[in-house]
Amino acid sequence: MGVVLVPGFGFGDRSLAVTSRWLRARGYAPVGARIGLNVGCTTELVERLEKRVAEHVAATGGRVVLFGQSRGGWLARLVAARRPELVRGLVMLGSPVLDPLGAHPAVVRVARFLARASALGIPGLLNEQCFAGDCYDTNFAALAAPLPPEVHALALFSARDVVAPPDLCRDPSAECVEVRSTHTGMGLDPDVYAAVEPRLARWAREESQPSQPQPNGHQPSQPRPNQPQPNGHQPDEPQPEEALRAAAGRRKLSTAM
């Protein structure tokens, strides 16, 4: 089964080299997203990532898994929502899908600096539309929408993550699992891979044995229950409406930064 690896904000494909080796050792076919450093306009990156995913689907002959860290996770989610026929599963490590602008203020300041640089004519960077224009509005609405039921999703979060607040990483459409990693350390944390491995194996089995069409011509949707976490506790899952209201408030604050 193919896997497309999407790096976090400010990083490139090499940042997920450990993940790539881990996947390859278990028989998967990982490839990088090839979006360069993850500092570009959201809409443009999603379009490039969608093309890369389609290429890997054609190369592997089946739906693939998107594996993203931080911003890479929610970029991957946007692609999964747009093209569910290409995606078997989605893994998000420390990805603030409920409000990307709710990340640590220092990270948001860097992003806004890049937008100012873009306004001066430097290509390949975030721009103001990514914060308050059509780009933001379109992609924020897409992130708030539920994932298609045929796309399995796993969201990992940590109370030790000072970059992406845990409450913003608990995707209501995903199975949410808590780990004890730092934000940048998730790709190196054995507990992360312990959580990911059985889910990947299950998705690969399902991909190799697709469900039979139902008499009415529809495929049965797969239920996505909120599974118990390794520590036996269930996270308090944010409701989409509550998350949207909270995010709107944070957006007003962030536009004043």
Side-chain angles (χ1 to χ4, degrees), residues 4-13 15-16 32-53 66-83 87 90 92-147 155 161-165 167-169 171 173 183-184 238 240 243-257:
V4 179
L5 301 172
V6 193
F9 178 64
F11 288 88
D13 288 341
S15 66
L16 291 172
R34 291 186 182 175
I35 58 173
L37 294 180
N38 188 345
V39 293
C41 167
T42 300
T43 298
E44 292 176 3
L45 291 184
V46 169
E47 291 173 352
R48 290 169 60 187
L49 181 57
E50 180 181 336
K51 180 180 178 181
R52 179 63 165 158
V53 170
L66 305 186
F67 191 117
Q69 183 165 14
S70 192
R71 189 190 190 204
W74 58 263
L75 289 176
R77 192 192 194 283
L78 289 169
V79 173
R82 286 174 58 158
R83 300 294 303 276
V87 181
L90 170 66
M92 299 171 285
L93 309 185
S95 300
V97 296
L98 296 183
D99 182 16
L101 292 184
H104 193 282
V107 176
V108 177
R109 282 196 295 270
V110 170
R112 289 191 173 280
F113 171 80
L114 295 176
R116 290 193 292 272
S118 177
L120 295 175
I122 300 176
L125 302 177
L126 289 154
N127 58 62
E128 288 299 330
Q129 288 291 311
C130 299
F131 293 92
D134 291 341
C135 177
Y136 177 87
D137 292 339
T138 299
N139 290 306
F140 180 76
L143 283 175
L147 282 170
D161 189 338
V162 298
V163 175
D167 287 348
L168 300 184
C169 300
D171 191 330
S173 292
H183 184 75
T184 56
L244 282 171
R245 287 196 295 270
R250 282 189 292 270
R251 179 185 172 190
K252 290 179 181 178
L253 290 175
S254 65
T255 55
M257 294 173 58

Fill in: Test side-chain contact (heavy atoms from CB on, under 4.5 Å) applied to L45 and N38, step by step
CA-CA 8 Å; L45 291 184; N38 188 345; 3.3 Å; yes
Atom [atom1] in [X], atom [atom2] in [Y]: separation rounded to 0.5 Å?
X: E50; Y: L66; atom1: CD; atom2: CG; answer: 10.5 Å
X: S173; Y: M92; atom1: OG; atom2: CE; answer: 8.0 Å
X: Y136; Y: L101; atom1: OH; atom2: CG; answer: 4.5 Å
X: C169; Y: D161; atom1: SG; atom2: CG; answer: 6.0 Å
X: R77; Y: L143; atom1: CZ; atom2: CG; answer: 6.0 Å
X: L98; Y: F140; atom1: CG; atom2: CZ; answer: 8.5 Å

Under a 3.5 Å distance rule, please check whether [X] uses its side chain to pair with a backbone N or O of [Y] as donor and acceptor.
X: R48; Y: A33; value: no
X: Q69; Y: H183; value: yes
X: Q129; Y: D134; value: yes

Practice prompt. Test D13 against R34 for side-chain contact (heavy atoms from CB on, under 4.5 Å), laying out the working first.
Written response: CA-CA 7 Å; D13 288 341; R34 291 186 182 175; 4.1 Å; yes
To check you understand the geometry: which heavy-atom pair defines the closest contact between [X] and [Y], and what is its length?
X: A115; Y: E128; value: CB-OE2, 3.6 Å
X: S70; Y: G8; value: CB-CA, 4.1 Å
X: G68; Y: S95; value: O-OG, 4.0 Å
X: V39; Y: G10; value: CG1-CA, 3.7 Å
X: C135; Y: C41; value: SG-SG, 3.9 Å
X: L126; Y: A111; value: CD1-CB, 3.7 Å

Worksheet entry | Sole residue of N127, T138, N139 in side chain to side chain contact (heavy atoms under 4.5 Å, CB included) with T42 |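 When side chain to side chain contact (heavy atoms under 4.5 Å, CB included) is applied between T42 and each of N127, T138, N139, only N139 qualifies.
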Worksheet entry | Residue pair R83, V53: steps toward the side-chain contact (heavy atoms from CB on, under 4.5 Å) verdict | CA-CA 9 Å; R83 300 294 303 276; V53 170; over 6 Å; no
Discussion item. Between V163 and F9, does the side-chain contact (heavy atoms from CB on, under 4.5 Å) criterion hold? Intermediate values first, please.
Written reply: CA-CA 11 Å; V163 175; F9 178 64; over 6 Å; no
